[in-house]
Amino acid sequence: MDITSIIAGLNDAQRAAVTAPPGSTLVLAGAGSGKTRVLVHRIAWLLQVEHISPWGILAVTFTNKAAREMQQRIEALLQQPIGGLWVGTFHGLAHRLLRAHWSEAQLPQGFQILDADDQYRLIKRLLREANLDDSRWPPRQVQRFINRNKDEGLRPQHLDAGRDPYQRQMISLYDNYEAACQRAGVVDFAELLLRAHELWRDRSDILQHYRQRFGAILVDEFQDTNAIQYAWLRLLSDTEDKLFVVGDDDQSIYGWRGAKVEHIQQFQTHFPNTRVVRLEQNYRSTGNILAAANAVIAQNPDRLGKALWTTAGEGEPIRLYSAYNETDEARFVTDQIRSLQVAGESYQQMAILYRTSAQSRQFEETLIQSDIPYRIYGGLRFFERAEIKDVLAYLRLLENRQDDPAFERAVNQPPRGIGARTLEAVREHARIHNLSLWQAAQTVIRDQQLTARAAGALTRFLQLIDNTQAQLAELTLSEQIARVIAASALRDHFAQSRDGKGQDRLENLDELIHAGQQSDLNFTLEGQTPLQTFLAQAALEAGDTQASADEDSVQLMTLHAAKGLEFAVVFIGGLEEGLFPHSMSSDNAQKLAEERRLCYVGMTRARRRLYLAHAETRRIHGSVSLPLASRFLRDIPAETLQEVRARNNYAHPRSSRVSHNDTGLYPGQQVLHPTFGSGVILNTEGHGASARAQVNFATAGTKWLIIAMANLEPIASAST
DNA sequence: AACACCGCGTTTTTT
DNA sequence: ACGCGGTGTT
């Protein structure tokens with residue numbers, strides 16, 4: 001491995017970034033400019049040229065997927081496995097740190113991780129215990145309050161409500177929540193980061209160790225860092241300039257969950273000796289797509305400034321379709337997908353993007369009607385499914401009896417005669433004596449505070465957990481999981497369920513056992529049992545949103561979910577005021593700027609063809625609205641845009657402009673084809689010899705035909 | 001403990 | 001419009 005192969009094939013800007021001298025570096029990486037490539041090559045450079053040990057490199061990403069990809073690409077580039085690199089998410093790294101220093105971080109050794117759903121349930125329980133009306137104190141709001149403050153690095157004692165009773169109550173709930181987590185030995189996602197930060201802040205010996213260890217720190221998607229993550233990086237890098245951060249201020253779309261675009265905007269102020277490299281050459285999209293995306297994002301204030309360019313040609317114009325309503329919009333998209341597929345484009349390379357997940361329904365319906373396979377991203381992930389979380393609750397309780405959220409979940413699932421009254425008594429006892437639910441259950445039984453029947457049921461539950469634990473010692477992880485599923489009677493419970501989902505659930509349980517088998521083969525964090533590692537991984541990496549469909553299928557997802565992906569053909573629906581930009585974001589300039597960035601992200605996903613659509617009427621929450629076309633559309637240069645008005649079989653009362661061109665054919669016109677028979681022109685494109693028409697034939701379906709070859713014969717008919 | 005009914009909210013989502 | 005969650009009924 002030599003230097004040449006690390007820098008070969010890089011453009012000037014990429015090479016400047018990869019070979020940057022030690023010191024802090026900010027890489028402003030436009031969409032499709034080879035950002036991951038730069039990170040991967042930079043790490044190779046550090047290893048091979050700067051001779052930094054893998055042990056001394058920390059690379060942080062935002063998703064596990066990105067972390068895996070980076071590790072793989074580094075190994076592929078260097079053609080050897082690279083052990084010892086720290087590549088992972090902020091959360092994954094914080095978790096590893098806390099496992100190594102659990103005692104210094106004041107955590108029990110077997111601490112468990114709460115996911116968002118666990119957190120929500122815990123908050124609801126605390127509200128009930130505090131006798132607070134959850135319509136006045138919506139748990140979601142409390143959860144947001146807690147997480148927002150944790151993301152800012154703020155503990156309850158840092159907050160001052162003054163006389164505001166609302167704030168006071170919130171702070172007090174936050175305080176209760178923290179106490180409950182501490183007692184149970186559980187940490188939520190934000191807590192992982194906060195604890196890690198506090199560990200470093202308060203234990204200079206530990207901080208010193210990691211500062212010395214990491215000679216280089218690389219951060220991907222830097223525009224998405226929140227306050228605590230940024231504080232982390234500053235602590236770790238200290239004054240030594242060893243940060244190499246890569247990001248794009250124009251793609252910051254997670255402000256609503258605490259990301260601060262200011263971090264990237266003001267990076268050079270905090271690190272004055274920063275070398276800035278702009279990656280502006282785009283290897284993904286055509287000229288038209290980039291020109292349009294550049295024009296849209298150019299309207300935003302406070303940009304670091306960047307303009308994407310390409311050596312690829314202009315490519316196809318961007319197609320804009322003004323639909324009558326959302327069904328018409330979906331029909332248009334579906335028709336285009338069908339004809340593109342006939343023309344040789346794979347479904348897999350086509351994506352439908354939208355602002356809100358509710359919009360997927362219309363598209364799904366028309367896709368189903370047309371027998372086009374599709375896959376939706378989003379929704380419940382594997383480890384978030386109720387039946388899976390039920391099993392995990394048992395496993396967590398086996399690891400840590402103090403884990404109250406796990407106790408709450410497992411205690412009466414499946415139903416075993418432990419009713420609300422019994423649980424109320426246990427909770428009350430736990431609250432008064434500051435005990436865990438497990439301990440409280442034991443004492444309540446011992447002190448005979450329950451009816452014989454309730455005491456019997458509760459005793460059997462406690463014994464079930466203890467007995468199961470006794471059986472697990474010699475088993476592999478997957479056998480342990482299988483044992484727990486059987487012993488808890490969850491399998492029987494789901495097998496007997498009559499809600500139609502029983503079979504799915506059983507399959508998921510088997511899948512969980514299978515996941516355990518896979519995990520058996522993987523490495524285990526030092527000092528951890530396979531089960532502990534498995535539980536942490538289940539929380540930190542909840543799995544894919546859907547079983548991967550092998551079938552070639554159209555990809556449907558929100559614009560947010562599309563970030564980082566690319567497709568040959570992209571459709572963006574619902575470009576309407578109130579929907580995109582969303583009405584919830586229309587009240588302030590910052591949120592609008594983020595919506596605009598979201599639009600930019602969406603447009604730059606497209607490699608060759610970009611279709612934009614808006615509807616003139618749309619049903620939202622049951623009632624019909626007449627939205628204006630999105631302001632983003634106004635910013636797209638006319639020369640990159642072609643308006644499509646395919647009025648298929650729809651009568652529509654509003655505009656009926658027809659675009660004629662030099663083909664002599666126009667949408668809506670009836671034609672006759674020698675082999676396909678009669679049809680209607682949906683769309684035309686191109687000029688002269690390459691001009692094509694999309695025709696919907698009565699019997700042969702929709703096809704794109706070269707007009708010069710097709711011998712289409714216009715049939716006289718009244719144009720709409 | 002299972003089922004029916006009612007009322008409310010309704011952007012984006014990873015860890 | 002629609003689904004979810006909370007409450008009340010059998």
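In the text below, chain A, chain B and the rest are named by the order of the sequence lines, each starting its count at 1. These numbers come from a predicted model, not from an experiment.
Of the N and O atoms on the side chains of A/Asp188 and A/Tyr177, at least one donor lies less than 3.5 Å from an acceptor on the other residue.
Regarding A/Leu380, its CG atom lies at a distance of 13 Å from the C1' atom of C/dC4, rounded to whole Å. With rounding to whole Å, A/Gln359 atom CD is found 16 Å from C/dC2 atom P. Look at CG on A/Leu535: it is 18 Å from P on B/dT15, rounded to the nearest Å. To the nearest angstrom, P of B/dA1 lies 11 Å from NE2 of A/His493. Residue A/Asp151 contributes atom CG, which lies 11 Å from atom C1' of B/dT14 at whole-angstrom precision. Separating the NE2 atom of A/His91 from the C1' atom of B/dT14 is a distance of 8 Å, rounded to the nearest angstrom. With rounding to whole Å, A/Lys563 atom NZ is found 14 Å from B/dT15 atom C1'. For the pair A/Gln537 CD and B/dT15 P, the interatomic distance rounds to 12 Å; values are reported in whole Å.
Applying the 4.0 Å criterion to OP1 and OP2 of B/dT15, one finds that A/Asn64 has a side-chain N or O inside that range. Taking only side-chain nitrogens and oxygens, A/Asn226 never comes nearer than 4.0 Å to OP1 or OP2 of B/dT14.
By the side chain to side chain donor-acceptor pair (under 3.5 Å) test, A/Asn508 is found to be paired with A/Glu387, residues two or more places apart in sequence or in another chain being considered. Take A/Glu329 and apply the side chain to side chain donor-acceptor pair (under 3.5 Å) test, not counting sequence neighbours, and it matches A/Arg618. Contacts of A/Gln223 classified as side chain to side chain donor-acceptor pair (under 3.5 Å), with partners at least two apart in sequence or in another chain: A/Glu221. With sequence neighbours left out, A/Arg427 forms a side chain to side chain donor-acceptor pair (under 3.5 Å) with A/Glu408, A/Glu424.
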Anything under 3.5 Å between a protein N or O and an N or O of nucleotides 6-10 of chain C, put it in a table, one pair a line.
unit_1: C/dG6; atom_1: OP1; unit_2: A/Lys124; atom_2: NZ; d: 2.5

Sub-3.5 Å pairs of nitrogen or oxygen atoms, protein against nucleotides 11-13 of chain B:
unit_1: B/dT11; atom_1: O4'; unit_2: A/His582; atom_2: NE2; d: 3.3
unit_1: B/dT11; atom_1: O2; unit_2: A/Arg355; atom_2: NH1; d: 2.9
unit_1: B/dT11; atom_1: O2; unit_2: A/Arg355; atom_2: NH2; d: 2.1
unit_1: B/dT12; atom_1: OP1; unit_2: A/Ser357; atom_2: N; d: 2.7
unit_1: B/dT12; atom_1: OP1; unit_2: A/Ser357; atom_2: OG; d: 2.4
unit_1: B/dT12; atom_1: O4'; unit_2: A/Arg355; atom_2: NH1; d: 3.1
unit_1: B/dT12; atom_1: O2; unit_2: A/Trp256; atom_2: NE1; d: 3.2
unit_1: B/dT12; atom_1: O2; unit_2: A/Arg355; atom_2: NH2; d: 3.3
unit_1: B/dT12; atom_1: O2; unit_2: A/His560; atom_2: NE2; d: 3.4
unit_1: B/dT13; atom_1: OP1; unit_2: A/Thr558; atom_2: OG1; d: 2.5
unit_1: B/dT13; atom_1: O4'; unit_2: A/Arg257; atom_2: NH1; d: 3.4

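Nucleic acid contact class of A/Asn147 (heavy atoms, under 4.0 Å, all strands): none. Residue A/Arg140 is classed as having no contact, given no heavy-atom separation below 4.0 Å to the nucleic acid.
With a 6.0 Å cutoff to the six-membered ring centre and a 45° limit on the axis angle, A/Arg125 does not count as a cation-pi contact of A/Tyr120.
Salt-bridge annotation for A/Lys35 and A/Asp220: present, with a side-chain N of the basic residue lying under 4.0 Å from a carboxylate O of the acidic one. Between A/Arg385 and A/Asp390 there is no salt bridge, since no side-chain N of the basic residue sits under 4.0 Å from a carboxylate O of the acidic one. With respect to the salt-bridge test (charged N to carboxylate O, under 4.0 angstrom), the residues A/Arg596 and A/Asp635 qualify. Salt-bridge check for A/Arg396 with A/Asp118: passed, with a basic side-chain N closer than 4.0 Å to an acidic carboxylate O.
Across C/dG5 and B/dT12, the matching P atoms stand 16 Å from one another, rounded to whole Å.
Closest approach to the A/Arg381 side chain among B/dT14, B/dA1, C/dC2 is made by B/dT14 (side chain taken as heavy atoms from C-beta onward).
The 5' end of DNA chain B is approached more closely, in terms of each residue's nearest nucleotide, by A/Gly419 than by the other of A/Thr63 and A/Gly419.
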